[in-house]
A.B. asks: 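Pasting a structure here, questions to come.
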Amino acid sequence: MSVLLEISDIKVHFPVGKTGFFGRPAGYVRAVDGVSFTIEAGETLGLVGESGSGKTTLGRAILRAIEPTSGTIRFHKDGQDIDVTSLNNKQLRAMWRDMQMIFQDPYSSLNPRMTVRDVIGEPLLANKVAKGEELKQRVKQIATQCGLDVEHLSRYPHAFSGGQRQRIAIARALILHPEFIVCDEAVSALDVSIQAQILNLLKELQIDLSLTFLFIAHDLAAVAYVCDRVEVMYLGTIVEIAPTEGLYYTPRHPYTEALMSAIPEADPTKEMTPYLLTGERPSPANPPDGCRFNTRCRYATDLCRTDVPLLTPIASNHFVACHHAEILSLQGAMDHEEVALI
Ligand SMILES: Nc1ncnc2c1ncn2[C@@H]1O[C@H](COP(=O)(O)OP(=O)(O)O)[C@@H](O)[C@H]1O
Ligand SMILES: [Mg+2]
C-alpha cells in the first residue's frame, strides 16, 4: 500500500472570548492540538472519540474546509506530492474535486429547491466537467451505483427517506470521481437497519471506485464493521492508532479501554464489566498538563501529571501515547490465559 495523505503536527486553535486591547483573544480552544498520522491509499481509517474531542475539526482541517493554525498536509496523488497547506484558493478548489465530505445530516446540505438530478449533477456544472446529455448520463450512472431509482431523479429531496437522502449526498460527493472522502458521522442519524445498508454501500463503492475514507463516528460497532485501522482521539490529540482488530481486542490506551468496555456485549451470558469513565472531561480551552487523560485515568501516576506521552510504536502498526501502556498489555495477556484455561 502507498501513503495517500500525510498529516503532520496539525493544530486548529479557535480564538474565544473578548479580544483585548492589543487585538489578542482571551484564550484559545485547542480543538486539534498537534496531530500526525498517515492515511494509506484504499484504506478506511476510523476516527473515534467522545463528542467534543476534535474529530469534525480534524476532518475538516485535512480538507482545509477549516484552516489549520499550523502543521502540514501532503496529498500524494498519481505520483505527485501536493502540499495542501500551501495551495492558494484556486488550487484548493481544484483539489476539492479529489477530496470530498459526507455529513451526518444530508438534508441540510441538499438544496430543497433543486431536483435530485440537479443536486447530484451540480458539481459537474460548477467545475465545467460536463453538461447537457453527458451530465444526465453521468448522474444516472452514479445514482444507479448508489442504489437510487433513476426514475425518481426529477423529484425533490424532501420526497426521499433519510437513507435515500444519504445515498443522494454520497452520489453528489462521488460524481467528480474523488480519491478521498471524509465521512463525518455519515450514518449516525439513521435507523440501525438503514445504517447497515449505507455502510454496505460505502464498502462496495470503495472497492468499485478505489476510494480512501476517513470514517468519523462515535458508534464503535459501525467503525469496526467498515474500518481497516482506527485512531482514537481525546481532547485534540491522538492517543492510539492500530489495525481495527488489535484496537478492539487489545486496546493499550486506558481511554481506548474505557471506550471499548462500554460496547454492549453481543453474548448476554458473558458478564460485562464496563470500566466507566469517571470525572468530567476537561475543556479543550484549558487541557491538563502532562497526559491529557490523567484526570480520568485509573492508572495515572505523578509522571502522567507532568510529562506528555508521545505516540510510540508498541507492536506492528500499533501506536499508543501512554506512559503505562505495558499495564494493559499484561492485563490482555492474563485475559487470554483465562480463555485458554476454559
Ligand atoms: N468554530 C469554533 N469556534 C470555537 N470552538 C469550536 C469551533 N468549532 C469547534 N469548536 C470546539 O472545538 C472542540 C472540538 O469540536 P469538534 O471538532 O466538533 O468535536 P467532535 O467532532 O469530536 O465532537 C469542541 O470543544 C468545540 O466546542
Ligand atoms: Mg463531530
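Every number for a ligand or one of its atoms is a count from 1 in the order of the listing.
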A.B. asks: Would you call M233 a ligand 1 contact, heavy-atom distance under 4.0 Å?
C.D. replies: no

A.B. asks: Can you pull out the closest protein heavy atom to atom 9 (C) of ligand 1? Residue, atom name and distance to 0.1 Å, please.
C.D. replies: F14 CE1, 3.6 Å

A.B. asks: Between H158 and Y156, how do the two ring planes meet: parallel, tilted or perpendicular, split at 30° and 60°?
C.D. replies: parallel

A.B. asks: Could you check whether any side-chain heavy atom of C291 comes within less than 4.5 Å of a side-chain heavy atom of V308, counting everything from C-beta outward?
C.D. replies: no

A.B. asks: What atoms of ligand 1 come closer than 4.0 angstrom to any heavy atom of E50?
C.D. replies: 22 (O)

A.B. asks: Return yes when at least one N/O/S atom of Q104 is nearer than 2.8 Å to the Mg ion (ligand 2), and no when none is.
C.D. replies: no

A.B. asks: For atom 18 (O) of ligand 1, what's the nearest protein heavy atom and its distance?
C.D. replies: T56 CB, 3.8 Å

A.B. asks: Could you check whether any side-chain heavy atom of K131 comes within less than 4.5 Å of a side-chain heavy atom of L124, counting everything from C-beta outward?
C.D. replies: no

A.B. asks: For atom 24 (C) of ligand 1, which protein heavy atom lies nearest, and how many Å away is it?
C.D. replies: G52 O, 3.9 Å

A.B. asks: Any idea which atoms of ligand 1 are less than 4.0 Å away from a heavy-atom of S51?
C.D. replies: 23 (O)

A.B. asks: Going by the order shown, which atoms of ligand 1 are within less than 4.0 Å of some heavy atom of P284?
C.D. replies: 25 (O)

A.B. asks: Counting C-beta onward and ignoring hydrogens, is there a side-chain heavy-atom pair between Q197 and N200 closer than 4.5 Å?
C.D. replies: no

A.B. asks: Identify the closest protein heavy atom to atom 19 (O) of ligand 1: which residue and atom is it, and at what distance?
C.D. replies: G54 N, 3.2 Å

A.B. asks: Quick one: is the NZ or CZ of K203 closer than 6.0 Å to the six-membered ring centre of Y225, and within 45° of its axis?
C.D. replies: yes

A.B. asks: Identify, for atom 17 (O) of ligand 1, the protein heavy atom at the shortest distance, and state residue, atom and that distance.
C.D. replies: T57 OG1, 2.5 Å

A.B. asks: In the complex you have, is atom 26 (C) of ligand 1 within reach of the protein, judged by whether a heavy-atom distance drops under 4.0 Å?
C.D. replies: no

A.B. asks: Can you tell me which residue and heavy atom of the protein come closest to atom 11 (C) of ligand 1, and the distance to 0.1 Å?
C.D. replies: V29 CG1, 3.8 Å

A.B. asks: Are D289 and R305 within salt-bridge range, i.e. N to O under 4.0 Å?
C.D. replies: no

A.B. asks: Got the closest protein heavy atom to atom 12 (O) of ligand 1, with its distance?
C.D. replies: A31 CB, 3.3 Å

A.B. asks: To the closest 0.5 Å, what do you measure between NE2 (H253) and CG (L259)?
C.D. replies: 10.5 Å

A.B. asks: If the plane angle is over 60° it's perpendicular, under 30° parallel, otherwise tilted; pick one for Y234 and F293.
C.D. replies: perpendicular

